[in-house]
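Worksheet for the structure shown next.
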Amino acid sequence: ATVARMKDFYQQRSPQLTLAPVQLNDLVRQVITLTQPRWSDMPQRSGAVITLQTMLMDDLPEIMGVESELREALTNLIFNAVDALPHGGQIVIRSATEGDTAVIRLSDDGLGMDAETVRRCLEPFFTTKGEQGTGLGLSVAHGIAQRHKGTIHIESEPHVGTTVTLRFPS
């Protein structure tokens, strides 16, 4: 599985994965439902409560993309946010436009990262999770953003939280 994910990161999209119109708000809602056991049910068993809130812009323009890849990127970002909230907290997902760009921002109020970690966090195999992490979640999300002619930007502060911003041409 790790080799397959690295292959996805380094190779261009397969010709059979053609771009189609994608409504990012719908995709965000799907990913929230798919990941609910990880951000809601599992933390509650250990006494942690994680709330997930959305602030999605009405009429967000569609982007051209591969829905399965975008779903994987958003899933990775939610899982990283959950990992940054070992004692509970909040995740907020926002959508907006900036000019001709569709924007998704995922914020958490968790552990955060120092400047050196932020600088390196998109590198393949870089992890702060020790044995529990592969160091591929953010690098795969980065590769997916690039293949969609988009960008990923990360802002973080220790003990304050992290915001990951994905921008895609609409």
Side-chain angles (χ1 to χ4, degrees), residues 1-43 50 52-57 60-85 91-96 101-108 110 113 117-118 120-129 131-156 161-170:
T2 299
V3 171
R5 290 173 73 191
M6 286 307 299
K7 184 178 173 186
D8 288 343
F9 178 73
Y10 283 110
Q11 288 187 339
Q12 293 297 320
R13 179 182 300 109
S14 301
Q16 67 267 25
L17 294 176
T18 55
L19 301 178
V22 175
Q23 177 42 260
L24 287 173
N25 284 345
D26 292 343
L27 199 59
V28 165
R29 289 182 194 100
Q30 287 176 12
V31 171
I32 288 169
T33 300
L34 289 170
T35 60
Q36 185 170 354
R38 181 82 181 266
W39 59 262
S40 179
D41 304 341
M42 290 170 63
I50 296 175
L52 194 149
Q53 178 183 2
T54 58
M55 297 176 180
L56 303 178
M57 175 185 163
L60 185 71
E62 291 180 329
I63 68 165
M64 295 302 290
V66 177
E67 193 171 298
S68 62
E69 288 188 354
L70 294 165
R71 184 179 302 111
E72 179 178 7
L74 290 171
T75 298
N76 288 348
L77 296 181
I78 288 175
F79 286 172
N80 278 357
V82 169
D83 290 343
L85 297 166
I91 300 169
V92 179
I93 304 174
R94 296 174 176 86
S95 66
T101 303
V103 179
I104 299 291
R105 279 190 181 84
L106 189 144
S107 301
D108 67 67
M113 297 179 277
T117 302
V118 171
R120 296 196 57 206
C121 69
L122 297 176
E123 295 175 12
F125 302 111
F126 178 80
T127 183
T128 60
K129 299 175 190 173
E131 296 285 320
Q132 296 174 334
T134 63
L136 293 175
L138 285 176
S139 63
V140 168
H142 180 233
I144 290 168
Q146 286 183 322
R147 285 195 299 276
H148 285 81
K149 296 182 173 72
T151 62
I152 186 169
H153 178 75
I154 299 170
E155 298 174 49
S156 189
T162 301
T163 298
V164 178
T165 303
L166 294 169
R167 290 182 176 87
F168 299 103
S170 55

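Counting from 1, the numbers follow the sequence of the chain as shown. Being a predicted model, the structure only gives us computed values, none of them experimental.
Closest approach of Leu166 to Ala145, counting heavy atoms only: CD2-CB, 4.3 Å. Closest non-hydrogen pair, Arg71 versus Glu67, comes out as NH2-OE2, 2.7 Å. Residues Ala81 and Leu106 share a closest heavy-atom pair of CB-CD2, 3.8 Å. Residues Ser156 and Thr162 come closest through the heavy atom pair OG-OG1, 2.7 Å. Shortest non-hydrogen contact noted between His142 and Ile152 is CD2-CG2, 3.3 Å. Annotation for Ile93 and Leu56: closest pair O-CD2, 4.0 Å, computed over non-hydrogen atoms.
Here the CG atom belonging to Leu60 is positioned 5.5 Å from the CG atom belonging to Leu24, to the nearest 0.5 angstrom. To the nearest 0.5 Å, the span separating OG1 on Thr75 from CG on Asn80 amounts to 11.0 Å. Taken to the nearest 0.5 Å, the CG atom of Leu74 stands 9.0 Å off from the CD1 atom of Ile32. Expressed to the nearest 0.5 Å, how far CD1 of Ile91 lies from CH2 of Trp39 amounts to 8.0 Å. Separating the CD atom in Gln36 from the CG atom in Leu52 is a distance of 9.0 Å, to the nearest 0.5 Å. Here the OG atom belonging to Ser139 is positioned 8.0 Å from the CG atom belonging to Leu122, to the nearest 0.5 angstrom.
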| request: Any chance you could lay out the side-chain contact (heavy atoms from CB on, under 4.5 Å) test for Arg105 and Met55, step after step, and finish with the verdict? | output: CA-CA 10 Å; Arg105 279 190 181 84; Met55 297 176 180; over 6 Å; no
Q. How far apart are the C-alpha atoms of Ser95 and Ile104, what are their side-chain angles, what is the distance that settles it, and do they pass the side-chain contact (heavy atoms from CB on, under 4.5 Å) test?
A. CA-CA 5 Å; Ser95 66; Ile104 299 291; 3.7 Å; yes
Margin query: If you apply the rule side-chain contact (heavy atoms from CB on, under 4.5 Å), what do you find for Leu77 with Val31, and how did you get there?
Written below: CA-CA 10 Å; Leu77 296 181; Val31 171; over 6 Å; no
_Applying side-chain contact (heavy atoms from CB on, under 4.5 Å) to Leu138 and Asn76, what does each step give before you reach the verdict?_
CA-CA 7 Å; Leu138 285 176; Asn76 288 348; over 6 Å; no
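Looking at heavy atoms from C-beta onward, Val103 lies out of side-chain contact with Arg94 at the 4.5 angstrom threshold. Inter-residue side-chain proximity for Phe168 and Val22 is flagged as unmet; no heavy-atom pair is nearer than 4.5 Å. Two residues are said to be in side-chain contact when any heavy atoms from C-beta on lie closer than 4.5 Å; Met64 and Pro21 meet this criterion. Between Ile154 and Met113 the shortest side-chain heavy-atom distance falls below 4.5 Å.
Paired with Asp26 under the rule side chain to side chain donor-acceptor pair (under 3.5 Å), one option of Arg29, Gln23, Gln30 passes, and it is Arg29.
Listed for the Asn25 side chain is a donor-acceptor partner under 3.5 Å among the backbone atoms of Met57. For Glu69 (side chain) and Gly143 (main-chain N/O), no donor-acceptor pair under 3.5 Å exists by modelled atom type.
Qualifying side chain to side chain donor-acceptor pair (under 3.5 Å) partners for Thr163, counting only residues two or more places apart in sequence or in other chains: Ser107.
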